[in-house]
Amino acid sequence: MNNKSISKLLSFILRHSPDTIQLTLDAHGWADVNTLLQQCRANGHHFTMEELETVVAENDKQRFSFNENKTMIRANQGHSLEVSLNLPPATPPEFLYHGTVARFMEQIRKTGLQKMNRQHVHLTDDRATAEKVGSRRGVPHILTIRSGDMHRSGMLFYLSDNGVWLTDEVPVKYIQ
Ligand code: HQG
C-alpha cells in the first residue's frame, strides 16, 4: 500500500469505523498499534510498522498521532465516532474561516454551521486551507467566522493537535 492509501484507510478506521476491521478504540479515540496492524492484515490491508511510522510523521495534514512509546495511535480530529479528545479549551483568533460550497449556503444561512456527521464544526485560521477544504466539493465558498465574538460570548473552541479549530456550532449571527 502507498502512503496515501494507508492514510485514507486509517482516517476511515480511526475516525469512523474501527469495527470494519474488528478494532476497538478507547474513550479518547486511541487504538492499540499492534492490534491495528494485525487486524488490517487480517482484512487484507498489508503495511508494516515502519510504513505506519512514515505515514504518521509525513502526513500532509498530520492527521494521526502516536502516544509516547508508539503503542497507541489515534486520529487528531475529524471523528464521526463519539470520542473525547481531551483537548483544553483555547482562545481563537478574532476571525476563522470555513470552506464550503454554494449549494449548502441556503441551509447554512438558516441554521448556521452545524457539525453534520462529525463531532465538531471544523474551522481554520488560514484562508488557503479553507479553500482546499471547500474545493473537495466544488467551487469553494469561504465563510469568515467572528470567532473572537463567539469566544467572548462563552462558546468553547478547541485546537486539535494538527492545528484545526473545533467548535460545536456557529450560529448565523457570527458568520460574516
Ligand atoms: C457543511 C478535512 C448544510 C459544511 C478538512 C461542509 C476538514 C452544512 C459539510 C475536515 C451546514 C460537512 C472537515 C448546514 C455545515 N447545512 N451544510 N447547517 N453546516 N455544513 O467533511 O469542514 O482531509 O464533515 O460546510 O480538512 O468540510 O479529512 O466537514 O461542507 O478539516 O483530514 O457540511 O475534513 O480533513 O462536511 O471538513 P465535513 P468539512 P481531512
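Numbers here simply count residues along the sequence, with the first being 1. All ligand and atom numbering here is 1-based and tracks the order in the structure.
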With distance as the sole criterion, is a donor-acceptor pair present between the side chains of Ser160 and Asn76 under 3.5 Å? no
I need the contact residues for ligand 1: any residue with a non-hydrogen atom closer than 4.0 Å to the ligand, ordered by chain then number. Arg15, Lys61, Arg63, His98, Thr100, Phe104, Gln107, Ile108, Thr111, Gly112, Leu113, Gln114, Met116, Arg118, His122, Val133, Arg136, Arg137
Would Ser7 and Asn59 count as having a side-chain donor-acceptor pair, cut-off 3.5 Å? yes
Among the clusters formed by ILVMFWY side chains lying less than 4.5 Å apart, do Phe104 and Leu113 turn up in the same one? yes
Cluster overlap Ile142 with Val164, hydrophobic side-chain contacts below 4.5 Å: no
With distance as the sole test, does Arg15 use its side chain to make a donor-acceptor pair with the main-chain N or O of Gln77 at under 3.5 Å? yes
Test of understanding: clusters of I, L, V, M, F, W, Y form through side-chain heavy atoms closer than 4.5 Å, transitively. Do Met1 and Val33 belong to the same one? yes
